[in-house]
Amino acid sequence: MTDSDLLRPDAAADTSLTGPAADALVDPPADPLADPRLDAVGDGPRPRLLLVDGHSMAYRAFFALPADNFSTSTGQVTNAVYGFTSMLINVLRDEAPTHVAVAFDVSRQTFRAAEYAEYKAGRAKTPTEFAGQVPLVKEVLAALRITVVEKEGYEADDVIATLATQARARGFETLVSTGDRDALQLVDEATTVLYPRKGVSDLVRMTPDAVEEKYGVRPARYPDLAALVGETSDNLPGVPGVGPKTAAKWLATHDGLEGVVAAVDTISGKAGASLREHLDQVLRNRRLNRLVADLDLPVGVDDLALVAWDREEVHRVFDSLEFRVLRDRLFATLQAAEPEAEGGFAVEVARPRGADVAAWLDARAAGRAALHVTGRWGGGTGEVTGLAVAGEGGAAWFPLGGDDEPDPLDDEGRAAVAAWLADADRPKVLHDAKGPLLALAGSGLPVAGLVDDTALAAYLCRPDQRSFDLADLVLRHLHRELRLEEPAGEAAAPADADDQLALDVDGTGAATTPDPAPAAAVRAAAVLELSGVLAGELAERGGSALLAELELPLVGVLARMERRGVAADRAHLEALEEQFAATVSEQAEAAYAVIDRRVNLGSPKQLQEVLFEQLGMPKTKRNKTGYTTDAEALADLLVKTEDTEGSEFLVRLLAHRDASRLRQTVEGLLKTVAPDGRIHTTYQQTIAATGRLSSTDPNLQNIPIRTEEGRRIRQAFVVGEGYESLLTADYSQIEMRIMAHLSGDEGLVEAFRSGEDLHSFVGSRVFEVEPAEVTPAMRSKIKAMSYGLAYGLSAFGLSRQLRIAVDEARGLMDDYFERFGGVRDYLRGVVDAARTTGYTETILGRRRYLPDLTSDNRQRREMAERMALNAPIQGSAADVIKVAMLGVERALAEEGLRSRMLLQVHDELVLEVAPGEREVLEALVRREMGGAAELSVPLDVSVGVGTSWHEAGH
DNA sequence: TGAATTCTAGC
DNA sequence: TTGCTAGAATTCAT
């Protein structure tokens, strides 16, 4: 039997098509024999095509999800739509396809039924509740602008086979999501079937190897196997007495079904006789299960590229289906993959001078106005070169640079700008305001009336995003590009990309462009528009108050802290650098002496060579490039190599590491001491997904404290001139207190109310002894566990950290949870709730979206679960100290104190105490920090004072 | 030159 | 196989 013997129907029936490709000019289907090297798409990342069998997947969902739980208030059953949509979102997220199509069966009148009247006959009639949902699935797809392809007389699988074949020739990687096993014949190196294991959320990747492992044949042979064995769901009976094992064996022995047929008379036994008896049936099965891969479709794979979906339509459809959680998940997971700019900004830039400046600002920027500042900033200061203002009435550019400005703003104009900037009743919007505010202040132009910051708004909407670059946000939320749109009438200029380069859209100003005004004005206009859109999105996410009352006021507080900086003892730092450097070379020489050669002790690669080859030490834990040489592993090795040459090397190596780390830190600090003798860090307000701040240039949130040597670095942070001392105030065990509050666990709450040492109290409960009898070993176990719980620590992790057996660690956890069941219930509940809503929330309603909670990938899912455990705790602690910072800053001003806040280190504030204010300041700080939140446990604050950060520590 | 990797400091 | 960061050094691809 050859291919030509197999029945092939006429491909002339109607086709139908919806979605963006319906409008596309359609090329004839690509010739599957064309040379893929000539035809493949570009040099870019390899395109990925996702093909979904809509009917099959929705049908699976229909039976997987209980209809009772999925119906709208109007009684429409939605379980199939829900399951299908959920599956689609997950696959779009996890596989990130560039092209997508969903194929549907049109009816049962297929060429297969024409050949074999009983085809799929055994099936129960399609339930009406399911049939009614197919149009809804198509509505969802239309809103997402995903192409739907159908072909009269054929099944979805034939459409998929045709598109997959084209895609293969075009160099695509293809994923086929279907519950129909016939599709397995399409699997090859470039084509993977995602086959539902159970329901529709658990998809198995059927690669060539996976198919072979499961069925014993390569994918191309799968239909041969199915023809022999039969396919119940299609009502295609196989050879009685022949199962997959026998069939696979035959196919292997005779090189496929053709060979089996040719050798049919030689096959012995009962099964052989059965085969001979049912040979016609097998051949018919084989004709029917062959997918048609050369249908004439109105779309080619290139027409299936993902496009930006119709936001309003998505909202309308999801609203009508009452899919709140799914919609959130959709936006949370796929916003990043939602591009397609439709244009730029048509901005005309006014350049008023003299009295016209005030007039322009009054007329055009009386209401909400956006600012884009050009200039330099950082290290707590800066200076501006220019300012673009965009109001409802248009945009203007004010050059504010110094002498090199060709057409500077006159004094009268500058005064008008200054007055407008300082007027709190003129509402202003900036993107990432802190730096620009410092620059304006540095140029003598203080700003009041900041009512929105688009970077902060976007951060609160989706705190997990890596960057809040204005151009990205404009693309994502406004579907526009950050460029000047030439007015339609002046279309004389060709739309040449090079022309746009001259506009300096990066907004840094002078260097690349003679006129910074248009780019700055475009940015200001974009910020103004973005502000409105993000306000809506943030309100939907319940974050408006968080922005207005916490993050936005904090911008000014942080700017002032950065401007103040903290005084540094340069001489002390220099002395430390010298000492640490001496230790570094000393230890390095000693290490070289042991191994009799010089290596780079800072190179993990060379260290591995020394440790595991030259010195023959036992292998440590693996990492990507070999075996780890981290401090923990080296400490292990030290124990194992006691009193050998190797142990001497290890000791030297560890000492060298410590010293060079300290030297590095000191060097970094020295480089950042400003001319005023102070170190001005920069706080990042939109980096940490939990809501914490971070600190850069330099990072003052990781200054050593744990070791004696390290603490000497803290002696270099000193009280500045005109002040009496430094005061540090920190929350003790704030995360555990928040856990007590959030969980409401009676035991833990009591622990904090009792005033007893937390870990001893908890330890006495867990080990069932008096608090006084809790040994240091017991206490440290409890401490590790308590903190680990808030991070999602496993019994395995606990055992590793405490160097105890896994069973012992598990027992410890069981005992803990038995005594503190509220904690366990809370931790479970928080993950469940996050899975339902799609996000976690802090005590102030700060959300973190965790779409991976429903990922099919176990590693990603479990990671998301640990994030869900930790985010409310770490994030609430961040909320609390931010409230405290606002309170402290406000109270200092209200009470007219000269003392000032300098640093924040997550649960600690460092202040500079003005002469005579120590006591009143301490009271103020305790009051503001202690009262920053009303929890069911007290917020304990400990305070220390000294002339250096080290001395003030406690 | 830049990305990826490893290691370590803090909370 | 415990969360959130910043940053330096090395290595390797470009």
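Just so we're on the same page: letters track the sequence lines, and every chain starts at 1.
At C:dA6, one or more side-chain N or O atoms of A:S694 fall inside 4.0 Å of OP1 or OP2 (strictly under the cut-off). Proximity of A:R706 to the phosphate of B:dC11: a side-chain N or O atom is located under 4.0 Å from OP1 or OP2. For A:N600 and C:dT10, the shortest distance from a side-chain N or O to OP1 or OP2 is below 4.0 Å. Within the 4.0 Å cut-off from OP1 or OP2 of B:dT6, at least one side-chain nitrogen or oxygen of A:N623 is found. Within the 4.0 Å cut-off from OP1 or OP2 of B:dC7, at least one side-chain nitrogen or oxygen of A:T628 is found. Under 4.0 angstrom from either OP1 or OP2 of B:dT5 there lies at least one side-chain N or O belonging to A:K624. At the phosphate of C:dT1, neither OP1 nor OP2 sits under 4.0 Å from any side-chain N or O atom of A:R800. OP1 or OP2 of C:dA9 has not a single side-chain nitrogen or oxygen of A:S603 nearer than 4.0 Å. Side-chain nitrogen and oxygen atoms of A:S794 include at least one within less than 4.0 Å of the OP1 or OP2 phosphate oxygen of C:dT2. Proximity of A:K605 to the phosphate of C:dC12: a side-chain N or O atom is located under 4.0 Å from OP1 or OP2.
A:Q874 comes within contact range of at least one nucleobase, with a heavy-atom separation under 4.0 Å. Looking at heavy-atom distances under 4.0 Å, A:A631 makes contact with sugar-phosphate atoms alone, never a base. Across all strands, A:S695 comes closer than 4.0 Å only to sugar-phosphate atoms, never to a base (heavy-atom distances). The residue A:R858 sits apart from the nucleic acid: no heavy atom pair falls under 4.0 Å. Within the 4.0 angstrom heavy-atom criterion, no nucleotide atom of any strand lies near A:I873. Using a 4.0 Å heavy-atom criterion, one finds that A:A790 contacts no nucleic acid atom at all. A:L700 comes within 4.0 angstrom of nothing in the nucleic acid, heavy atoms only. Residue contacts for A:Q801: at a heavy-atom cut-off of 4.0 Å it reaches a base atom on one of the strands shown. The residue A:I687 sits close only to the backbone: its heavy atoms come under 4.0 Å of sugar-phosphate atoms, none of a base. When heavy atoms are screened at a 4.0 angstrom cut-off, A:R657 is found touching the sugar-phosphate backbone but no base atom. Nucleic acid contact class of A:R866 (heavy atoms, under 4.0 Å, all strands): sugar-phosphate only. In this structure, A:M785 reaches neither bases nor backbone, as no heavy-atom distance under 4.0 Å exists between it and the strands shown. Nucleic acid contact class of A:A871 (heavy atoms, under 4.0 Å, all strands): none.
A:D745 places no side-chain N or O within 3.5 Å of a backbone atom of A:A740 that could act as its donor or acceptor partner. With hydrogens and angles ignored, the 3.5 Å screen pairs a side-chain donor or acceptor of A:Y683 with a backbone N or O of A:Q904.
Remark: C1' of B:dG10 and CD of A:E735 are 13 Å apart, rounded to the nearest angstrom. Whole-Å rounding puts the A:Q608 CD to B:dT5 P distance at 14 Å. Between the NE2 atom of A:H906 and the P atom of C:dT5 there is a distance of 10 Å, rounded to whole Å. Look at CD1 on A:I881: it is 19 Å from P on C:dC4, rounded to the nearest Å. Taking atom CE of A:M736 as the reference point, atom P of C:dG3 lies 17 Å away to the nearest angstrom. In this structure, A:L611 atom CG and B:dT6 atom C1' are separated by 14 Å, rounded to whole Å. Per the geometry, CD belonging to A:Q606 stands 14 Å off C1' belonging to C:dC12, to the nearest Å. For the pair A:L634 CG and B:dT6 P, the interatomic distance rounds to 15 Å; values are reported in whole Å.
Within 6.0 Å of the CZ atom in A:R858, the count of heavy atoms belonging to other residues, nucleotides or ligands does not exceed 12. Atom CD of A:E578 has 12 or fewer heavy atoms from other residues, nucleotides or ligands within 6.0 Å.
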Start with the C-alpha distance between A:T947 and A:E951, add both sets of side-chain angles, then the distance that settles side-chain hydrogen bond (donor to acceptor under 3.5 Å, both in side chains), and finish with yes or no. CA-CA 6 Å; A:T947 57; A:E951 264 188 55; 3.0 Å; yes
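The listed nucleotides are C:dG3, C:dT5, B:dC7; the one nearest the side chain of A:A688 is C:dT5. With C:dT2, B:dG10, C:dC4 as the candidates, the nucleotide lying closest to the side chain of A:N870 is C:dC4.
Annotation: cation-pi pair A:R541/A:Y849 present, NZ/CZ under 6.0 Å from the ring centroid and within 45° of its normal. Because its NZ or CZ atom is not both nearer than 6.0 Å to the ring centre of A:Y592 and within 45° of the ring axis, A:R597 does not count as a cation-pi partner of that residue.
Across all their heavy atoms, A:A834 and A:T840 have their closest contact at CB-CG2, 3.8 Å.
Between the side chain of A:N702 and the base of B:dA9 there is at least one donor-acceptor pair of N/O atoms closer than 3.5 Å.
As rounded to the nearest Å, C:dT1 and B:dT5 have P atoms that lie 16 Å from one another.
In this structure, A:F796 forms an aromatic stack with the base of C:dT1, since both conditions hold: centre separation below 5.5 Å and plane angle below 30°.
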